[in-house]
Amino acid sequence: MEYSFKEIEKKWQSHWSKNQTFRAEENADKPKYYVLDMFPYPSGAGLHVGHPLGYIASDIVSRFKRHKGYSVLHPMGYDSFGLPAEQYAIQTGQHPAVTTKENIARYREQLDKIGFSFDWSREVRTSDPEFYKWTQWIFLQLFDSWYNTETQKAESISSLVEHFETKGTEALCAHVEEQKDFSAADWSSMSEAQKEAILQDYRLAFRSESTVNWCPELGTVLANDEVKDGMSERGGYPVVQKKMMQWSMRITAYSQRLLDGLEQIDWTDSLKESQKHWIGRSEGAYVNFKVKGSGQNIKVFTTRPDTIFGVSFMVLAPENPMVEELTADIYRSSIKKYQEVAARKSERDRMADVKTVSGQFTGAYAIHPFSGKEIPIWIGDYVLASYGTGAVMSVPAHDARDYAFAKQFELDIPQVVEGGDITKEAFEAKEGKIINSDFLNGLPVQEAIKKAIEKIEELGIGQHKVNFRLRDAIFGRQRYWGEPIPIYYENGIAKPVRLEHLPIELPKVDAYLPTKDGQPPLARSTNWNYDPAKGVVPNGEGFPLELTTMPGWAGSSWYDLRYMDSTNKERIVGKDSEQYWQNVDLYIGGSEHATGHLLYTRFWHKFLFDIGYITSEEPFKKLINQGMILGYSAIAHREDGTNTYWSKNLAKGKKTTPIHVDVNMVNASDELDLDAFKTWRDDLKDAEFKLEEGKFKVSREVEKMSKRWYNVVNPDDIVEQYGADTLRMYEMFLGPLEQSKPWNTAGITGVHNFLKKFWRLYTANENGISEEPATEKELKILHTLIKKVNSDIENYSFNTSVSAFMICINELSALNCNKREVLEPLVVLLSPFAPHIAEELWYALGKTEGISLELFPECNEAFLVENSFEYPVAFNGKMRFKESLPLSMTKNDVEEHIMKQEKTIEYLGGKSPKKVIILPGKIINIVV
RNA sequence: GCCCUGGUGGUGGAAUUGGUAGACACGCAGGACUUAAAAUCCUGUGAUCAGCAAUGGUCGUGCGGGUUCAAGUCCCGCCCGGGGCACCA
C-alpha cells in the first residue's frame, strides 16, 4: 500500500472539522492548558513558510497536552485592523473590510491544509464589531479610572472626585505628571470644563497636548515602538516631532508593576532585558538650583547626587519653557536661533549625529546649593525635554556627555571622585572615594549617594526620586481602519459614550483619506454625531463624536482573554471561563513585539485585574520567540550594459549586476530553469546565457523572506508536493525553534523518506500486524524513543525529537518489527508531529476512536536497563580503545581488568600509570 | 557605546551535572535492482600523514591564554555574525 498523503490528509482534515475533534471544553475534571500563537495580520500576500513555524510548534504542544489528559485551549484568529488594507482602500476605493475578509479566507484555506488542531469555533477578528465592542468597553474603563499610588492599583474616577470634593488634593496619592494643589473649596468653585481638564491629568485614558511622532506620509501619529530609526516601522516613511492634542494611555502608572511582574514569568532573558530597558527604571534625586537674581528654581534629576560638588554648569533642553525667562537680553537672538535649529532637526537627524556637540549660553547663572558658587546655565540638544525635568546638572568629570560639552565650550571639569584620568575622559565608574566635596569627602560612592540625598531632603532643596524612561503611549490614530474611540464632545468636553450604545461602529465614508482641511477620514461621515439618549445620530443632531481611531495594538492587547469565551454578550470574558482558563500557559510568536504588543498586553491585563474583571495579572506565563525563517534568495549575474547572463562561477571578475530570480525556478543544486526564466519577464526572451558544464548556476544569499526578493516559498506548494505531515516535521527538523534560519528545501526529502519508511513499517510486512509480544530489544528501542520524545516536547526541542524518530524507525525497520505492542504506542508518539499519517495508521490498526485523546505512552525505565557498558578507555584524556564490561563490576575490578589488557600495556609503553580514573558507566581515563 | 544572543564537517544541525566531538538528515562518491528512469536498498564520507591493506599517528568545535586526570561545555582577554536600546542625566 502506497503512502498517499494527499488522500489521507484531506480525509482526516475534514473528519476533524466535522467532528469538532479539537473543540476546547471547560472540563472541571481535567487540568487546563492554554496554548496561544500570536495571531497574524492577514496581508494580501498570504502565508509563507515562515508563518507556520511557530504554529506547528504550538500545535505539537497542544496535541501532546491533549494526549497527556489536559483540556487544551488552542485558538486562532486575526489581527485584522491595520495599515495595508487601508492603504489599499485609499488606492482602489475598496472598503478595507472587503479586502480583509478576502485575505482572511485565503489565510484560513492555507492554515487548514497544514492540519492544525485549532478550535475554530472561538475564532476572533479584531475588526469585527462584536469584538471591538469590548475593546471600546475597555477603553471606557480606562477613561473612567485613575491610579492610586498608595493602594498601587487603578480605581474609579468617582473615588477621585469624592476625594477632591472632601479634601481637595490633600493627602492624595495619585499617579499624575505634575502634582496639583487645590482645596475642596477650590474644586467646588470650578466650572465643569475646569474640573474635566484636571481629571484628564489623572485618567488612564486621557487627552493631552503632547509632542508626538507624526508621519506625514501616512497622515497619522505613531507610538514610540512603531518608529524605528526615525522612520515609520510600516512603510518606512520619515517621522517628525509635532505638538498635537492626542489620546494617550497612562502606561507609566504601571511602570514599577510592569518591571516587578517580569520576575514571575518564564520568558527569555533577552526579552525581559528589552522590556526592562524600555521601562528604564533609574533611582536618584530631584535637586533644585536657585537661579541668581530671580525667585526661580531649576529642578534637575540626577542619579549621581554624590557628585553634586562636581557641578560646573547646567544644561536645559532647548524646548524647556524656562529658557525664555532666563535668557539675558544680549543672548536672546542666539538662543532663539539655536532653538529653531534644534526644532527643525528631526529625530532621525539628531540620532544620525550624536557626535556633534552643540549648545548656547543663556547668560544666566544658578547658585550651587552647597558651595554657593555661580554656575552658568546653557541650553543644549543633548538634554531631552521629555525625560526627567528637561534639565541636568552637569558633572563633566564623571559623565561622558557633560565632559564632551565642557571640552567643546571650555568649561571647568572639577574632579570629585578618585580614579581615572580626567584629562583624557570622564571617569564614570560608580566606585572610588569622594574628594573635594565638603561633607561627602572620603565616602565611597554608594554611601555618598545616600548621604547626599539625606542632606538634600534635610535642607528641603529636593527629594529622593525614581524615574522611568517609559513614556505614556499615544493612542489616537488619524486613520479610518481602526476601532472608533467611543467619546463624544459636549461643548468641547470629552464624554464617554454610554455602554449600551457599544459598539460604536465604523461609519461609511466616501473615501479613506483625510479631509481637505486635514481632519481624519471619519470627518467625512455624514452620520457621526452622538446623542446620549439615542446613540449615533446624523451630523447636525446631538454632539460630535471623536474622529480618531485606536492604534493597531488596541485589539491585540486583550484578545487572549476573548478566546476563553469568544461569544459572551455580557462581559469581555465570562467569570467561570476566566476562572477555568486563567491565562496563557504557552505563548509563541516573534520577538519583534518585545516593547510593543507584549508590554501593552501586560499593562491592560494589570488594569483589568485591578478593576476585578480577571484574576491573573500576567497574561503569558511562558513565552517562546520562534526564529524567523529567512529567504534563500537566488541571484543571476547580468553583465553590465548587455543582456548576457553568466553562470555563477563564470561571472567572477566580470562587471555584473545581480538580478534576483524567483527561487521557484531554481533547484536544490542552484541550477536555474532557463525555459521558465526566459518567460518570466519580457526582457529575458532574448537574453543570452553563458553556461558552466551545461548548466546555469545562480548565487545564493540569505535575506528576509519578501516578495521583493522573489524568495518567498509558499507552504501550499510544499504541502502539494510532500504533504502537510512532511512540512510539519521538516520545519521542526530545520533546527532549534528559537533560531533564525534560511529556508532551504534541500533536506526535505530526508523527512519525507522517513514518513514513507514509517508507513512501510505498518503496511509492508507480508504477515501484517503481529499480536506476539515484542522482544526486549524492540521494547528498548521503543522506550528510548518514548523517553526522548516526552522530554524533548517539554523542552521545546522538536528538532531532536524528529532525529529520535528517525533513529527509532531505522532500527525497527532493520528488525522488521511488526508487533502491535510496539507499533501502537509508536503511532501515538508520532501523532503530535504528523497527525494525519498517525490517525490513518491508528484506524488501520483496528481502532475506532480518534487518536487525539489516546494517552501518551510513558517510559518504562525497566526496559532501558543496561547490564553492560562499552567503556571508552582514554590515556591522558585521549580515547584510545573501547572495552565492554558488565556494569555490576566494582571500580577495583574494572581497574584490575583494564590494566591487564594487552592494549593498555601497549599504550603505557612500559611506564606505570600515575592515576586511573574510573567513572562507572561513563569513562576510564589513565593518566601517564 | 551599552545590553542580550550565537560562532561545531561541503550544508542544516546533535552532544545530561565538564567524560567517546560530529548523532540524525542533506549533499557527494561508489554499488545492487532495472532495457532505462523513478522508487527502494547497501557501503563510504572532518582534515591530514604513513600504509597495498587491515590499521595507526597527528590536528580539529571563531582566536589567544588558563583551570582540570579530562574542556565544544568552566574562567580571563580578544575577533566576527544576529537582535534590541541608543544622548535617559
Side-chain angles (χ1 to χ4, degrees), chain A residues 2 228-229 268-278 280-282 284 300-304 307 314-315 317 350-351 353-357 380-384 386-395 398-402 404-405 467-471 591-592 594-595 625 627-628 630 668-669 702 730 733-736 738-751 753-754 756-757 760 764 791 797 799-810 813 870-882 913-919 921-928:
Chain A
E2 277 287 292
K228 292 259 180 293
D229 299 331
T268 61
D269 285 347
S270 71
L271 203 64
K272 286 188 184 184
E273 274 315 302
S274 292
Q275 290 213 346
K276 271 185 202 165
H277 274 144
W278 192 262
R281 184 184 197 273
S282 62
V300 301
F301 174 70
T302 177
T303 55
R304 297 293 304 273
T307 63
M314 305 194 75
V315 184
R350 246 164 113 152
M351 279 191 302
D353 142 65
V354 287
K355 283 185 191 104
T356 314
V357 179
D381 69 0
Y382 82 94
V383 176
L384 305 175
S386 59
Y387 184 76
T389 60
V392 301
M393 58 173 227
S394 298
V395 184
H398 307 289
D399 180 285
R401 294 152 304 167
D402 296 344
F405 196 87
N467 243 326
F468 293 93
R469 202 188 71 105
L470 186 67
R471 304 288 85 202
S591 58
E592 66 274 20
T595 51
N625 292 128
M628 205 193 311
L630 300 163
S669 310
V702 174
Y730 184 58
F733 188 57
L734 231 36
E738 281 109 322
Q739 198 171 300
S740 287
K741 53 232 154 186
W743 176 263
N744 187 345
T745 328
I748 200 166
T749 52
V751 172
N753 284 343
F754 156 75
K756 282 198 270 192
K757 211 165 167 181
R760 276 201 304 276
S791 73
S797 176
N799 55 329
T800 51
S801 301
V802 178
S803 307
F805 274 114
M806 288 172 170
I807 294 167
C808 174
I809 295 305
N810 287 344
S813 297
E870 197 171 33
Y871 279 95
V873 183
F875 290 79
N876 292 333
K878 270 184 195 163
M879 205 278 286
R880 294 303 183 181
F881 65 93
K882 286 180 188 174
K914 261 190 215 159
K915 203 171 172 187
V916 180
I917 290 153
I918 293 159
L919 278 115
K922 280 237 167 101
I923 199 166
I924 297 166
N925 191 17
I926 298 167
V927 187
V928 187

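We name chains A, B, ... by the order of the sequence lines, and we start the count at 1 in each one. Values below: every heavy atom of this structure, side chains too, minus hydrogens, waters and symmetry copies. None of the values given here were measured: they were computed from a predicted structure.
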Enquirer: Can you tell me if A:N467 touches the phosphate of B:C88, counting only side-chain N or O atoms and a distance under 4.0 Å to OP1 or OP2?
Expert: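 A:N467 to B:C88 OP1/OP2: no side-chain N or O under 4.0 Å.
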Enquirer: Rounding to an integer number of Å, can you tell me how far A:K276 NZ sits from B:G83 P?
Expert: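 Rounding to the nearest Å, NZ of A:K276 and P of B:G83 are 23 Å apart.
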Enquirer: In whole angstrom, give me the gap between the P atoms of B:A70 and B:G66.
Expert: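 It comes out at 13 Å once rounded to the nearest Å.
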Enquirer: Nearest nucleotide by nearest heavy atom, which residue falls closer to the 5' end of RNA chain B, A:N810 or A:T800?
Expert: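 Comparing both residues, the 5'-ward one is A:T800.
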Enquirer: Is A:S740 close enough to B:G83 that one of its side-chain N or O atoms is under 4.0 Å from OP1 or OP2 there?
Expert: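 So the side chain of A:S740 is outside the cut-off, no N or O lying under 4.0 Å from OP1 or OP2 of B:G83.
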Enquirer: Between B:C85, B:C69, B:C87, which nucleotide has the shortest distance from any of its atoms to the side chain of A:W278?
Expert: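 When the side chain of A:W278 is considered, B:C85 is the closest of B:C85, B:C69, B:C87.
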Enquirer: Sticking with atom C1', work out how far B:C59 lies from B:G44, rounded to a whole angstrom.
Expert: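 Their C1' atoms lie roughly 22 Å apart.
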Enquirer: In whole angstrom, give the distance that lies between atom CG of A:L734 and atom P of B:G12.
Expert: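 So the two atoms are 11 Å apart, to the nearest Å.
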Enquirer: Would A:L734 and A:W743 count as a side-chain contact (heavy atoms from CB on, under 4.5 Å) if you check the C-alpha gap in whole Å, the side-chain angles of each, and the deciding distance to 0.1 Å?
Expert: CA-CA 8 Å; A:L734 231 36; A:W743 176 263; 3.9 Å; yes
Enquirer: Quick check for you: among B:C41, B:C88, B:C85, whose closest atom lies nearest to any side-chain atom of A:T595?
Expert: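 Given the options B:C41, B:C88, B:C85, the side chain of A:T595 is closest to B:C85.
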Enquirer: Quickly work out the A:R281 CZ to B:C88 P distance and round it to whole Å.
Expert: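 After rounding, the reported distance stands at 18 Å.
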Enquirer: Under 4.0 Å: is that the gap between some side-chain N or O of A:K878 and OP1 or OP2 of B:A21?
Expert: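 No, A:K878 has no side-chain N/O under 4.0 Å of OP1/OP2 on B:A21.
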Enquirer: Tell me the partner of B:U58, counting only Watson-Crick (N1-N3 plus N6-O4 or O6-N4) or G-U wobble (N1-O2 and O6-N3) with both under 3.5 Å; none if nothing fits.
Expert: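 Answer to the pairing question: B:A47, which forms a Watson-Crick or G-U pair with B:U58.
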Enquirer: Closest-nucleotide mapping onto RNA chain B: is A:N876 or A:T749 further toward the 5' terminus? I mean the 5' end.
Expert: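 Closer to the 5' end of RNA chain B: A:T749.
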Enquirer: According to a strict under-4.0 Å criterion, is A:R760 in side-chain N/O contact with OP1 or OP2 of B:C41?
Expert: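 Yes, within the criterion.
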Enquirer: Given the C1' atoms of B:A15 and B:U67, what is the spacing between them in whole Å?
Expert: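 That atom pair is separated by 23 Å.
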Enquirer: Are any of A:N925's side-chain N or O atoms less than 4.0 Å away from OP1 or OP2 of B:U20?
Expert: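 Indeed not, no polar side-chain atom of A:N925 lies that close.
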Enquirer: For B:A14, take OP1 and OP2 only and decide whether either is under 4.0 Å from a side-chain N or O of A:N799.
Expert: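 Yes, because at least one side-chain N or O of A:N799 sits under 4.0 Å from OP1 or OP2 of B:A14.
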Enquirer: Output the single nucleotide from B:U40, B:G13, B:A89 whose closest atom is nearest the side chain of A:K741.
Expert: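 Given the options B:U40, B:G13, B:A89, the side chain of A:K741 is closest to B:G13.
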Enquirer: Side chain of A:I923 only, heavy atoms from C-beta on: which candidate in B:U40, B:G13, B:G19 is closest?
Expert: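 Given the options B:U40, B:G13, B:G19, the side chain of A:I923 is closest to B:G19.
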Enquirer: Could you state the NZ-C1' distance from A:K272 to B:C85, rounded to the nearest angstrom?
Expert: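 Answer to the nearest Å: 19 Å.
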Enquirer: Look at A:K914 and B:C69 and indicate whether a side-chain polar atom (N or O) is within less than 4.0 Å of OP1 or OP2.
Expert: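 For A:K914, the contact criterion (side-chain N or O under 4.0 Å from OP1 or OP2 of B:C69) is not met.
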Enquirer: Within this structure, what is the OH-to-C1' distance between A:Y387 and B:C88, rounded to whole angstrom?
Expert: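 It works out to 5 Å between those atoms.
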Enquirer: Considering every strand shown, what is the Watson-Crick or G-U wobble mate of B:G9 when both distances are under 3.5 Å?
Expert: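 No nucleotide pairs with B:G9.
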Enquirer: Using the P atoms only, state how far B:U20 lies from B:G72, rounded to an integer number of Å.
Expert: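 One P to the other, the span is 10 Å.
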Enquirer: For B:G10, does the glycosidic angle fall within 90° of 0 (syn) or outside that (anti)?
Expert: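 Anti conformation here, the glycosidic angle of B:G10 being more than 90° from 0.
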Enquirer: Compare all side-chain heavy atoms of A:V357 with those of A:R401 and state whether any distance is below 4.5 angstrom.
Expert: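 No. Closest side-chain heavy atoms not under 4.5 Å.
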Enquirer: B:U11 and B:G64: how far apart are their C1' atoms, nearest whole angstrom?
Expert: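 Rounded to whole Å, the distance is 29 Å.
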Enquirer: How many Å lie between CZ on A:R401 and C1' on B:A86, as a whole number?
Expert: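 Those two atoms, CZ and C1', are 11 Å apart.
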Enquirer: How far does the P atom of B:U16 sit from the matching atom of B:U73, given to the nearest Å?
Expert: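 Taking atom P in both B:U16 and B:U73, they lie 13 Å apart.
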Enquirer: Provide the distance between the two C1' atoms, one in B:G46 and one in B:C28, to the nearest whole Å.
Expert: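 Those two atoms are separated by 14 Å.
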Enquirer: Of the candidate nucleotides B:U58, B:U40, B:U17, which contains the atom at the shortest distance from the side chain of A:R880?
Expert: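 So the nucleotide nearest the side chain must be B:U58.
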Enquirer: Which of the following nucleotides, B:U40, B:A89, B:C69, is nearest to the side chain of A:I917?
Expert: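 Per side-chain heavy atoms of A:I917, the pick is B:C69.
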Enquirer: Between B:C87 atom P and A:R469 atom CZ, what is the distance in whole Å?
Expert: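 So the two atoms are 9 Å apart, to the nearest Å.
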Enquirer: Is the phosphate of B:G6 approached by A:Q739 (side-chain N or O, under 4.0 Å from OP1 or OP2)?
Expert: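 Checking A:Q739 against B:G6: no side-chain N or O falls below 4.0 Å of OP1 or OP2.
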Enquirer: Of the nucleotides B:A70, B:A21, B:U5, which one has an atom closest to the side chain of A:M879?
Expert: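 Closest nucleotide to the A:M879 side chain: B:A21.
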Enquirer: Can you tell me how far C1' in B:A23 sits from the matching atom in B:G30, rounded to whole Å?
Expert: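 The same atom, C1', in both gives a distance of 24 Å.
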Enquirer: Round to the nearest Å and state the distance from A:I926 atom CD1 to B:U68 atom P.
Expert: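 Rounding to the nearest Å, CD1 of A:I926 and P of B:U68 are 21 Å apart.
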